[in-house]
2 protein chains.
Amino acid sequence: MERIVSAVGVVDKAMELVGLVEERPRSLADLVEATGYSKATTHRLAGSLQDHGLLRRDADGRYVLGFRLVGLGRRAEHYFPLANVAMPILRELVDKTGESAQLYVREGDSRVCVAAVESPHGLRTIVERGAVLSLTAGSGGTVLSQGSSEGWVESVAEREPGVASVSAPVLSRGAVIAAVSVSGPVERLGPSPGALFGGEVMRAASGIAAVVG
Amino acid sequence: MERIVSAVGVVDKAMELVGLVEERPRSLADLVEATGYSKATTHRLAGSLQDHGLLRRDADGRYVLGFRLVGLGRRAEHYFPLANVAMPILRELVDKTGESAQLYVREGDSRVCVAAVESPHGLRTIVERGAVLSLTAGSGGTVLSQGSSEGWVESVAEREPGVASVSAPVLSRGAVIAAVSVSGPVERLGPSPGALFGGEVMRAASGIAAVVG
DNA sequence: TTGACGTGTCTCATATAATGAGACAATAAT
DNA sequence: ATTATTGTCTCATTATATGAGACACGTCAA
């Protein structure tokens with residue numbers, strides 16, 4: 001929760017509140033303590049955000065993310081299909097590694113494949129676009145379940161027998177917003193897929209992050 | 001685009017910008033004209049929102065909704081699964097009308113069924129959860145494509161032959177966030193499904209709206 | 001080339017608007 | 001009954017958002 005400092009202080013404060021509420025539902029007192037702002041300011045700011053639908057209050061009176069954000073999020077996705085941005089980079093990744101590459105985003109307690117490019121090999125990993133996978137198994141799951149991280153994560157025969165993979169986080173403002181994975185048969189990727197393709201996967205991930213901004 | 005007035009002016013202005021960008025990508029000059037704020041203010045405010053990831057700039061330099069919103073939207077949905085809230089109300093609606101009921105949200109230029117309960121009748125309308133339907137046909141589409149409205153909308157054999165439906169908007173702060181529909185065969189719903197079930201559909205819609213807040 | 005125009009960026013004095021202390025109310029806890 | 005704890009609201013003060021306008025850059029036409 002690093003505090004972003006922009007040219008407009010009030011926006012910074014407001015977004016700080018949103019960020020805090022994003023983590024978990026918060027009472028007013030909770031927000032006051034977390035921010036250090038006066039009760040009055042916090043209350044007024046949160047009230048304003050509530051008026052705009054960015055926050056709302058649950059049955060217990062705690063602030064939670066507002067419904068407006070759902071619509072805005074959908075809209076934002078529409079204008080910026082992460083999948084489209086990622087596709088050329090994933091293709092490049094497949095060209096370089098010869099293995100299948102995927103992009104995953106977290107969705108609740110699982111992860112969803114939002115983009116995938118298949119290896120040209122006869123024996124290859126296949127993950128369908130839209131496929132829902134576990135968050136607790138596979139290198140991609142590890143990356144997405146860790147709040148923030150750098151570098152790559154590898155897994156061998158964890159999610160599925162015979163399959164090995166390396167994944168790297170796509171970071172935006174320090175947060176993991178997606179995971180890029182390269183996966184294929186253990187026979188080709190060997191005991192340490194990371195040593196083999198970790199660098200390439202990280203490059204692809206930061207390439208996507210660069211476009212996302 | 002009614003301008004919300006809260007206790008914090010800057011938040012109002014910032015959200016006004018976000019709202020304008022939500023409609024379509026906007027250049028700075030465009031935003032200046034639409035808001036009436038000075039170039040400096042608009043630029044500074046938009047820049048601040050950009051720093052926070054609520055806005056970003058596309059290849060042409062125009063402002064579009066930022067990526068942060070996607071994450072926040074997902075998170076908001078997680079804390080408030082519209083579908084879960086709607087299910088018991090839809091079930092009740094099916095009990096009362098004997099016909100299938102659905103909840104739709106807008107998704108770009110189409111609508112998506114996020115919740116559905118089927119009629120017990122042998123002959124019934126079936127809309128799968130996750131199904132993508134037209135925004136330009138059917139009473140549900142009409143409701144969602146109109147910015148704001150009240151009351152119910154009916155359609156007979158518009159989207160599909162033999163199918164009639166009534167829909168009502170789920171309103172949140174004056175905006176249509178979803179549409180509740182009841183649909184079934186013309187044979188049962190007759191020439192005016194609205195006269196038959198309009199009231200019930202509206203009651204269900206406002207029931208959902210009440211929980212959304 | 002030159003000039004005119006549209007666009008985005010940035011600075012700075014001024015006045016507006018956000019701020020925090022604190023009073024008050026309403027529950028919850030002991 | 002007493003004491004915390006929480007949320008709400010008012011008002012004087014000062015911090016901060018504001019808009020005019022200068023500047024830079026690119027585009028188009030003559």
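Reckoned from all heavy atoms, side chains included, excluding hydrogens, waters and symmetry mates. Throughout, protein chains are lettered first and strands after them, A, B, ... in sequence-line order, and every chain is numbered starting at 1.
- Taking CG of A:L65 as the reference point, atom CG of A:L55 lies at 7.0 Å (rounded to 0.5 Å).
- One can place NZ of B:K13 at 12 Å from C1' of D:dG19, the figure rounded to the nearest angstrom.
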Next item on the list: Go through A:S100 and A:S183 one step at a time and tell me if the side-chain hydrogen bond (donor to acceptor under 3.5 Å, both in side chains) criterion holds.
Entry: CA-CA 6 Å; A:S100 301; A:S183 64; 5.6 Å; no
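- The closest donor-acceptor contact from the side chain of A:R56 to the backbone of A:Q50 lies at 3.5 Å or more, if one exists at all.
- Between A:S48 and B:D12 the shortest heavy-atom distance is OG-OD1, 4.1 Å.
- Scanning all heavy atoms of the two residues, the minimum distance from B:G184 to B:L189 falls at N-CD1, 3.3 Å.
- In this structure, the CZ atom of A:R26 is 18 Å from the C1' atom of D:dT5, given to the nearest Å.
- Residues from residues 34-49 of chain A lying near DNA chain D, meaning a heavy-atom separation below 4.0 Å, are A:K39, A:A40, A:H43 in numerical order.
- The structure places CG of B:L20 at 10.0 Å from OG1 of B:T42, a figure rounded to the nearest 0.5 Å.
- Listed by first and then second residue, the side-chain hydrogen bond (donor to acceptor under 3.5 Å, both in side chains) pairs involving residues 192-207 of chain A are A:E154-A:S192 (not counting sequence neighbours).
- Counting to the nearest Å, the C1' atom of D:dG19 and the CG atom of B:L28 are 14 Å from each other.
- For the atom pair CZ (A:R159) and OG (A:S181), the distance works out to 8.5 Å, reported to the nearest 0.5 Å.
- Rounded to 10°, the angle separating the first-five-pair axis and the last-five-pair axis of the helix from C:dT1-D:dA30 to C:dT30-D:dA1 equals 40°.
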Margin query: Set out, in order, the CA-CA distance, both residues' side-chain angles and the distance that settles side-chain hydrogen bond (donor to acceptor under 3.5 Å, both in side chains) for B:S165 and B:S139, then state yes or no.
Written below: CA-CA 6 Å; B:S165 65; B:S139 61; 2.8 Å; yes
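- A:E158 pairs by the side chain to side chain donor-acceptor pair (under 3.5 Å) definition with nothing, not counting sequence neighbours.
- In this structure, the CD atom of A:Q50 is 13 Å from the C1' atom of D:dT8, given to the nearest Å.
- Applying the salt bridge (charged side-chain N to carboxylate O under 4.0 Å, His left out) test to pairs two or more places apart or on separate chains, those with a residue in residues 30-48 of chain A are A:R24-A:D30, A:R26-A:D30.
- Using a 4.0 Å heavy-atom cutoff across all strands shown, A:R62 reaches no nucleic acid atom at all.
- Once you apply a 4.0 Å limit to the heavy atoms of chain A, the touched nucleotides of DNA chain C run 5' to 3' over C:dA18 to C:dA21.
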